[in-house]
Q: 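Questions regarding the structure given below will be posed in turn.
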Amino acid sequence: MWENPLKKPHTKRQRLAIACLVLELLYATTYIPQRVITTSPSDVSRIHVFDGQSGYEVSLSERRDIDSIMRNLNDITFQKGKPSFGYMGYSYRVTLYDEDGDELDEFIINSETTLRYHGFFHTAKSGNIDYDTLDKWMAQFKTHYDE
């Protein structure tokens, strides 16, 4: 059989290098700013918020509260940052539940611009997390609880 002298056979090392490059490029695309929280507000029936600073927790089930926080989170574009493994402490751990009580999603809000999600820090690039509203809800609960 006749072989083209201009075409060189690929070695295993070249194939491995190409495969590694493709994998690196695919992984790099995860760092493109994108919406991280994409759960539809209509799918959420309860939001559980645990205050990591005080130990208080509150469950929000009012539709207007759920819609407000979910619209805010869904509208923000985040940039994936460094891994969050090994970091201790947080402001608010937020868990979303559906009508059946099944967990839809969980993430940690550290500030109005930072959240931890799936093992990475994410920084807000468009808009901010409505951190003041979370603080307000928690303050109302603390006041009611301490009475």
Q: Quick check for you: to the nearest 0.5 Å, what is the distance between Leu104 atom CG and Glu99 atom CD?
A: 10.5 Å
Q: Atom OG of Ser84 and atom CG of Leu115: how far apart are they, to the nearest 0.5 Å?
A: 10.0 Å
Q: Testing the basics here: between Val58 and Met138, what is the closest heavy-atom pair and its distance to 0.1 Å?
A: CG1-CE, 3.7 Å
Q: Looking at every non-hydrogen atom in both residues, tell me the closest pair between Thr38 and Arg35 and how far apart they are.
A: CG2-O, 3.9 Å
Q: Determine whether a donor-acceptor pair (N or O, by modelled atom type, separation under 3.5 Å) exists between the side chain of Asp100 and the backbone of Asp102.
A: no
Q: Report whether Ile108 and Val94 are members of the same hydrophobic cluster (ILVMFWY, side-chain heavy atoms less than 4.5 Å apart, transitive linking).
A: no
Q: Between atom CD1 of Ile69 and atom CG of Leu96, what is the distance when rounded to the nearest 0.5 Å?
A: 9.5 Å
Q: Check the hydrophobic clustering (I, L, V, M, F, W, Y; side-chain heavy atoms under 4.5 Å; chains of links allowed) and say if Trp137 and Ile47 are grouped together.
A: yes
Q: May I ask you to check whether Tyr87 and Phe121 place their ring centres under 6.0 Å from each other?
A: yes
Q: Side chain of Thr114, backbone of Thr123: donor and acceptor closer than 3.5 Å?
A: no
Q: With sequence neighbours left out, what residues match Gln34 under side-chain contact (heavy atoms from CB on, under 4.5 Å)?
A: none
Q: Where do Asp75 and Arg71 land on the salt bridge (Lys or Arg N to Asp or Glu O under 4.0 Å) test, with the steps shown first?
A: CA-CA 6 Å; Asp75 288 344; Arg71 275 195 314 269; over 6 Å; no
Q: Between Phe107 and Tyr90, is there a shared hydrophobic cluster once you connect ILVMFWY residues whose side-chain heavy atoms come closer than 4.5 Å?
A: no
Q: Looking only at heavy atoms, which two atoms of Phe50 and Glu57 are closest? And how far apart?
A: CD1-OE1, 3.3 Å
Q: Taking Asn74 for its side chain and Met70 for its backbone only, find out whether a donor-acceptor pair lies under 3.5 Å.
A: yes
Q: Are more than 12 heavy atoms, taken from residues, nucleotides or ligands other than Glu103, located less than 6.0 Å from that residue's CD atom?
A: yes
Q: Do you know which two heavy atoms are closest between Ser45 and Arg63, and how far apart they sit?
A: CA-NH2, 4.0 Å
Q: Looking at CZ of Arg116 and NE2 of His122, how far apart are the two atoms once the value is rounded to the nearest 0.5 Å?
A: 12.0 Å
Q: Is Asp51 reaching over with its side chain to a backbone N or O of Asp135, donor-acceptor style, under 3.5 angstrom?
A: no
Q: Taking Leu60 as the starting point, is it possible to reach Tyr56 by hopping between hydrophobic residues whose side chains are less than 4.5 Å apart?
A: yes
Q: Side chains of Ser91 and Tyr131: is there a donor and an acceptor less than 3.5 Å apart?
A: yes
Q: Do Ile129 and Leu73 have side chains that get closer than 4.5 Å, going by heavy atoms?
A: yes
Q: Nearest 0.5 Å please: distance from the CD atom of Glu112 over to the CG atom of Asn128.
A: 4.5 Å
Q: Distance-only, no hydrogens or angles: does the Ser126 side chain make a donor-acceptor pair with backbone N or O of Thr77 under 3.5 Å?
A: yes
Q: Looking at Ile109 and Leu134, what are the two nearest heavy atoms and their distance?
A: CD1-CD1, 3.5 Å
Q: Starting from Ile37, can I reach Tyr92 by hopping between I/L/V/M/F/W/Y residues whose side chains sit under 4.5 Å apart?
A: yes
Q: Can Leu16 and Cys20 be said to form a side-chain contact (heavy atoms from CB on, under 4.5 Å), step by step?
A: CA-CA 6 Å; Leu16 181 61; Cys20 287; 4.2 Å; yes
Q: What is the distance from atom OG of Ser61 to atom CZ of Arg46, rounded to the nearest 0.5 Å?
A: 8.5 Å
